[in-house]
Amino acid sequence: MNHTCYWIICAVAGATLLTGCQVAPKDAGFGDVQHVVSDRTGQTVQWNGQTTDDQAVATEVRKMLLQPLTADQAVQIALLNNQHLQARLQDLGIARADLVQAGLLKNPVFAASWRFPDKAPHGTDAEYSVAEDFLDLLILPLRKRIAEEQFQNVKLSVAAQIFQIAADVKSAYFTFQAREQLITRLRLVGELNQTAADLAERQHAAGTINDLDLINQQAIYNQSEIDLRHAQTQLIADREHLNRLLGFADDQLTWTISPHLPDIPPNEIPVDDLESLAMRQRLDLAAARAEVATLKKILSTTKGFRYFTTVDVGVDTEHGTDGQNVTGPTLSLEIPIFDQGQGRIAKVQAQFRQVQFRLEAMTIDVRSEIREAQDKMLANRDLAENYRDLLPKRERILNLTLQQYNGMLKGPYDLLLAKESEVTTEQAYLDAWRDYWIARTELTRAVGGHLPTSFSAATRPATTQHDQNNNNQGVQP
């Protein structure tokens, strides 16, 4: 290889290295994800294996498990410990690698050939060439911008997935918490029905009730036992569901939670303009919008370069047998006779329309989710308040029935029925109480961050707002 060829190869390689140098965040954008999660949830997310804090995180999880978990602590553990989340965070590393790759030029192609003549002058005819894809150099800046946008999209999608996991954990937590309270009440109902069944057996033996009354009381007791067993079975499933969300292994299964659901706040959150708020702060919507913009640029690029897939420009030098050197530029390109990019363009156009429709569908779904969660939250608040008002009346009925029972004006079945009615009302109150918190959690997720805390105008009772929502049903803001 002569000096000229050597210089050409070094120059092209140097240009390739300089042009292809791409700066990408070392943490793959995880710091940005951490910031937005902390800002909107007050929680910390950990990417295991990426920092030296893994052992400290494990210690913190063990420390939290020593006490009954609150809903917020359960969310925090999931963000530190959930392996599905850890797998999702790897998308950041993949997107970073794609960003780095997008900033690199294709490697130049070096070719060499040696030919040996069979007649004088004898010697070796040597030819060397080096070529670079010139088209790749032209589209490099656009390709880098597209990759950077895709990298941002991945960060938004990962953060949105974290919010979804947080909402799933809270819903599962409240479901499990309410189920534990329900089982306590079902046990009490079973004890009451057992007392009634035992009394019925004694009365039947004494001849004061017939077979039908006895069987009815026994059947009621058996049904209460069935209800209890069913709830206990469901509690096992609820606990395992929460175990999966928290990412607990076999040595972390002895956790407990707070025994009672949190109190319903005295004043309800403002519900005006939540749809507009969601349009601004939902990260999955932002990711979908960014994907539409990215596909639009990709479509424009595909159309702009449809007739060219490779344009190789290089230098070729030949050392002949007579000692003469012949050096000059080379050009190689595809002739777009058959393939003019029709398939590539059609594919990107279909992908572009697909993400447009997906964004429109997501926008409709988000608005619907907010209305549904909002109506559920307010309706269950009203229901819980009604049951809460009913409970003292049930207790008063029980006390008056007990007084009349002591005065022999009421029978034992009347007393048991009054007690069962009180427990049943308390159970229904618990169900509405649980459903309120689940709906509130779902509304928080649907809005895409913290719910508003300031009230426009004076604080209004939830029932008034709920009635207003019912009156305005079907009217879009």
Side-chain angles (χ1 to χ4, degrees), residues 5 8-25 28-29 91-112 127-157 286-317 327-360:
C5 183
I8 292 172
I9 293 174
C10 291
V12 173
T16 300
L17 291 174
L18 291 174
T19 309
C21 182
Q22 170 68 20
V23 178
D91 287 341
L92 295 173
I94 295 171
R96 179 184 183 275
D98 290 340
L99 177 57
V100 172
Q101 188 64 39
L104 301 177
L105 281 172
K106 291 182 179 178
N107 292 324
V109 177
F110 172 76
E127 183 175 2
Y128 306 95
S129 68
V130 61
E132 176 67 25
D133 188 344
F134 182 70
L135 182 63
D136 188 59
L137 177 62
L138 288 179
I139 66 174
L140 177 64
L142 179 58
R143 188 174 68 229
K144 289 165 62 176
R145 286 197 298 270
I146 292 175
E148 287 168 358
E149 291 179 2
Q150 290 174 331
F151 180 56
Q152 298 300 324
N153 295 355
V154 171
K155 290 196 293 184
L156 291 171
S157 298
R289 294 190 196 102
E291 187 178 8
V292 170
T294 300
L295 260 296
K296 186 176 182 180
K297 291 182 179 179
I298 293 175
L299 178 59
S300 176
T301 303
T302 304
K303 288 181 176 180
F305 293 91
R306 63 180 301 177
Y307 296 112
F308 303 99
T309 55
T310 58
V311 178
D312 294 333
V313 177
V315 176
D316 180 90
T317 183
T327 302
T330 64
L331 174 65
S332 174
L333 54 84
E334 260 186 44
I335 301 176
I337 297 176
F338 307 110
D339 182 1
Q340 298 178 353
Q342 304 95 321
R344 296 193 305 275
I345 292 174
K347 179 179 179 180
V348 178
Q349 284 177 332
Q351 290 174 331
F352 180 60
R353 289 192 297 268
Q354 183 183 55
V355 296
Q356 282 183 313
F357 284 123
R358 188 176 295 152
L359 175 59
E360 292 176 8

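- For the pair D136/R143, a side-chain contact is recorded, criterion being any heavy-atom separation below 4.5 Å from C-beta on.
- Across all their heavy atoms, F151 and A95 have their closest contact at CD1-CB, 3.6 Å.
- Contact annotation: the side chain of L105 approaches that of L137 to within less than 4.5 Å [non-hydrogen atoms, C-beta and beyond].
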Mind running side chain to side chain contact (heavy atoms under 4.5 Å, CB included) on K155 and Q152 for me, showing each step along the way?
CA-CA 5 Å; K155 290 196 293 184; Q152 298 300 324; 3.1 Å; yes

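- Looking at every heavy atom in both residues, L99 comes nearest to E148 through CD1-CG, 3.4 Å.
- With sequence neighbours excluded, the residues that form a side-chain contact (heavy atoms from CB on, under 4.5 Å) with L331 are V311, V313, L333.
- The backbone N or O of L359 lies less than 3.5 Å from no partner atom in the side chain of R289, so there is not a single donor-acceptor pair.
- For the pair D133 and K106, the salt-bridge criterion is met [side-chain N within less than 4.0 Å of a carboxylate O].
- Two residues are said to be in side-chain contact when any heavy atoms from C-beta on lie closer than 4.5 Å; D98 and Q150 fail this criterion.
- To the nearest 0.5 angstrom, F352 atom CZ is 12.0 Å from T302 atom OG1.
- Atom-to-atom distance recorded for E132:CD and D312:CG is 8.0 Å, nearest 0.5 angstrom.
- Note that CG of D316 is 6.5 Å distant from OG1 of T330, once rounded to the nearest 0.5 Å.
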Mind listing the side-chain donor-acceptor pairs of residues 292-300 below 3.5 Å, one per line with the distance, residues two or more places apart or on another chain?
unit_1, atom_1, unit_2, atom_2, d
T294, OG1, E149, OE1, 3.1
T294, OG1, A290, O, 2.9
K297, NZ, E149, OE2, 2.3

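- Closest approach of Q340 to Q342, counting heavy atoms only: N-OE1, 2.9 Å.
- Counting heavy atoms from C-beta on, the side chains of Q354 and E291 never come closer than 4.5 Å.
- Expressed to the nearest 0.5 Å, how far CZ of R145 lies from CD1 of I139 amounts to 11.5 Å.
- Nearest heavy atom pair, residue L140 against residue A102, reads CD1-O, 3.2 Å.
- In this structure, Q356 CD and R358 CZ are separated by 11.5 Å, a value rounded to the nearest 0.5 Å.
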